[in-house]
Enquirer: 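Take a look at the following structure, please.
This structure is a prediction, so every number in the text was calculated from the model and none was measured.
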Amino acid sequence: MPHPASRYLAEGPRVGIRHFTYEDGAEFAARARESKELHHPWLFPPDSAGAYAAYAGRLIEDPSKAGFLVCAKDDGGGIAGFININNIVEGAFQSGALGYGAFAHAAGRGLMREGLDLVIGHAFGPMRLHRLEINVQPGNTASIALARACGFRLEGFSPAMLFIDGAWRDHERWAITAEMRTSG
């Protein structure tokens, strides 16, 4: 008897990744509200139904973006975090910029590392990207540790790169290529 198709684009031992849907709004917004202390001052995910609908709509409708929910298998597929590939450029560049966040109930459990590894595999596989970049504020040690654990290399420093929480913030640039992934 054939197995039913997985609801995930890719899955590991503890998590699966899938695209955002509009139906995820209530759970995502609730998790974002529960995680405000964890995310501040680095990240401000949508924490209301309206804000989520606008955010998810951009990820669903805009071909230069791809959004992935990291879902914990031991939580019935509940949302543990999210990973977005923004500014996807095709042609000779074949690149995208990653943004991500864990939710408080799942933080520190290694779920995001597994999820990011799955997203990288999906990006370099079915999406046919060549390079992924993460821009992270130097003080965000958890985000830097995740980038390093998934094989990203530090490529540079960009002063006043992004406007976050009312000010232009410095960022470190971390990147990985498809060749780094296959040789590592």
Side-chain angles (χ1 to χ4, degrees), residues 8-12 15-20 24 28 31-32 35 38-39 41-46 52 55-72 79-91 93-103 106-158 161-165 169-182 184:
Y8 299 119
L9 297 166
E11 57 187 298
V15 304
I17 58 166
R18 62 179 177 81
H19 287 296
F20 278 70
D24 294 309
F28 190 99
R31 295 292 188 196
S35 304
L38 173 68
H39 293 154
W42 320 114
L43 189 61
F44 301 89
Y52 174 83
Y55 178 76
R58 290 188 299 271
L59 293 168
I60 294 167
E61 304 294 331
D62 185 342
S64 72
K65 301 179 186 311
F68 303 91
L69 295 172
V70 178
C71 301
I79 301 170
F82 57 97
I83 302 168
N84 301 330
I85 306 176
N86 300 297
N87 306 323
I88 297 171
V89 179
E90 295 180 342
F93 203 41
Q94 293 298 115
S95 180
L98 290 173
Y100 48 77
F103 289 124
R109 295 176 42 205
L111 301 177
M112 287 300 291
R113 185 193 184 306
E114 188 175 322
L116 182 54
D117 192 54
L118 292 171
V119 168
I120 294 166
H122 187 75
F124 291 156
M127 292 180 72
R128 302 180 53 136
L129 296 179
H130 174 258
R131 175 185 168 86
L132 295 170
E133 187 171 302
I134 297 169
N135 296 294
V136 59
Q137 293 179 57
N140 190 342
T141 56
S143 186
I144 291 170
L146 179 56
R148 186 177 282 125
C150 287
F152 286 74
R153 67 176 173 228
L154 178 63
E155 290 193 333
F157 180 80
S158 297
M161 182 179 185
L162 294 172
F163 193 78
I164 299 174
D165 197 25
R169 308 290 178 180
D170 298 343
H171 281 72
E172 292 180 0
R173 293 186 321 277
W174 293 77
I176 191 170
T177 64
E179 292 84 4
M180 289 169 61
R181 175 115 165 140
T182 57

Enquirer: Nearest 0.5 Å, what's the CZ-CG distance between Arg173 and Leu154?
Expert: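 The distance works out to 8.5 Å.
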
Enquirer: Would you check if Met112 and Ile83 make a side-chain contact, meaning some heavy-atom pair closer than 4.5 Å?
Expert: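 Contact flag for Met112/Ile83 side chains = yes.
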
Enquirer: For the residue pair Ile164 and Gln137, establish whether any side-chain heavy-atom pair is separated by less than 4.5 Å.
Expert: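 Yes, their side chains come closer than 4.5 Å.
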
Enquirer: In the structure I gave you, are the side-chain heavy atoms of Leu132 and Met180 within less than 4.5 Å of one another anywhere?
Expert: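 Side-chain contact under 4.5 Å: no.
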
Enquirer: Using every non-hydrogen atom in the two residues, find where Gly99 and Asn86 come nearest and quote the distance to one decimal.
Expert: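 Looks like N-ND2, 4.4 Å.
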
Enquirer: How many angstroms lie between atom CZ of Arg169 and atom CG of Leu162, to the nearest 0.5 angstrom?
Expert: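 Taking CZ in Arg169 and CG in Leu162, the distance rounds to 11.0 Å.
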
Enquirer: Evaluate Glu133 against Trp174 for side-chain contact (heavy atoms from CB on, under 4.5 Å), listing each step before the verdict.
Expert: CA-CA 6 Å; Glu133 187 171 302; Trp174 293 77; over 6 Å; no

Enquirer: How far does SG of Cys71 sit from OH of Tyr8, to the nearest 0.5 angstrom?
Expert: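 These two atoms lie 5.0 Å from each other.
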
Enquirer: Parallel, tilted or perpendicular: which describes the rings of Phe68 and His122, with under 30° parallel and over 60° perpendicular?
Expert: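 Perpendicular.
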
Enquirer: Would you call Asp24 and Arg18 a salt bridge, taking side-chain N to carboxylate O under 4.0 Å as the test?
Expert: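 Yes, charged N to carboxylate O under 4.0 Å.
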
Enquirer: Holding to side chain to side chain contact (heavy atoms under 4.5 Å, CB included), I want the full list of residues that pass it with Ser64, two or more places apart in sequence or in another chain.
Expert: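 In terms of side chain to side chain contact (heavy atoms under 4.5 Å, CB included), with neighbours along the sequence ignored, Ser64 is linked to Asp62.
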
Enquirer: Step by step, would you call Val136 with Tyr100 a side-chain contact (heavy atoms from CB on, under 4.5 Å)?
Expert: CA-CA 10 Å; Val136 59; Tyr100 48 77; 5.6 Å; no

Enquirer: Backbone N or O of Met161 within a donor-acceptor pair of the Ser158 side chain at under 3.5 Å?
Expert: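 No; zero donor-acceptor contacts below 3.5 Å.
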
Enquirer: Not counting sequence neighbours, which residues clear side chain to side chain contact (heavy atoms under 4.5 Å, CB included) with Glu155? List them please.
Expert: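 Here the qualifying residues are Arg131, Arg153, Ala175.
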
Enquirer: Of all the heavy-atom pairs spanning Pro41 and Asp165, show the shortest one and how long it is.
Expert: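 Residues Pro41 and Asp165, closest heavy atoms: CB-OD2, 3.8 Å.
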
Enquirer: What heavy-atom pair brings Ala123 and Met127 nearest, and what distance separates the two atoms?
Expert: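 Shortest heavy-atom contact: O-CB, 3.4 Å.
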
Enquirer: After noting the C-alpha distance and the side-chain angles of Ile88 and Gln94, does the key distance pass the side-chain contact (heavy atoms from CB on, under 4.5 Å) rule?
Expert: CA-CA 7 Å; Ile88 297 171; Gln94 293 298 115; over 6 Å; no

Enquirer: On a heavy-atom basis, which atom in Phe20 and which in Gly67 lie closest, and how many Å separate them?
Expert: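 Scanning both residues completely, I find the closest heavy atoms to be CD1-C, 3.4 Å.
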
Enquirer: What do the steps show when you test Val70 against Ile79 for side-chain contact (heavy atoms from CB on, under 4.5 Å), and what is the final call?
Expert: CA-CA 6 Å; Val70 178; Ile79 301 170; over 6 Å; no

Enquirer: Looking only at heavy atoms, which two atoms of Leu129 and Ala178 are closest? And how far apart?
Expert: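 Closest approach of Leu129 to Ala178, heavy atoms only: O-CB, 4.5 Å.
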
Enquirer: Is it the case that over 12 heavy atoms from other parts of the model lie below 6.0 angstrom from the CZ atom of Phe93?
Expert: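 Count not over threshold, so no.
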
Enquirer: Heavy atoms, side chains only, cut-off 4.5 Å: are Pro45 and Tyr55 in contact?
Expert: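 They are not in contact (no side-chain heavy atoms under 4.5 Å apart), so the answer is no.
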
Enquirer: Using 30° and 60° as the class boundaries, would you call the ring planes of His39 and Phe82 parallel, tilted or perpendicular?
Expert: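 Geometry flag for Phe82 against His39: perpendicular rings.
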
Enquirer: List the atom of Cys150, the atom of Ile120, and the distance in Å for their closest heavy-atom pair.
Expert: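 For Cys150 and Ile120, the tightest heavy-atom pair comes out as CB-CD1, 4.0 Å.
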
Enquirer: Quick one: does any side-chain atom of Arg31 pair with a main-chain N or O of Gly81 as donor and acceptor, under 3.5 Å?
Expert: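 No, Arg31 side chain to Gly81 backbone: no donor-acceptor pair under 3.5 Å.
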
Enquirer: Quick one: pull up CG in Asn135 and CG in Asn140 and give me the separation to the nearest 0.5 Å.
Expert: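 Asn135 CG to Asn140 CG: 12.0 Å, rounded to 0.5 Å.
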
Enquirer: Is the shortest heavy-atom distance from the side chain of Val15 to the side chain of Leu118 under 4.5 Å?
Expert: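 When only atoms from C-beta onward are counted, Leu118 and Val15 do touch, with a gap below 4.5 Å.
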
Enquirer: Looking at side-chain heavy atoms only, is the closest gap between Ile144 and Glu172 below 4.5 Å?
Expert: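 Yes; the side chains approach each other to less than 4.5 Å.
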
Enquirer: To the nearest 0.5 angstrom, please state how far the CG atom of Leu98 sits from the CD1 atom of Ile85.
Expert: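 Rounded to the nearest 0.5 Å, the CG-CD1 separation comes out at 5.5 Å.
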
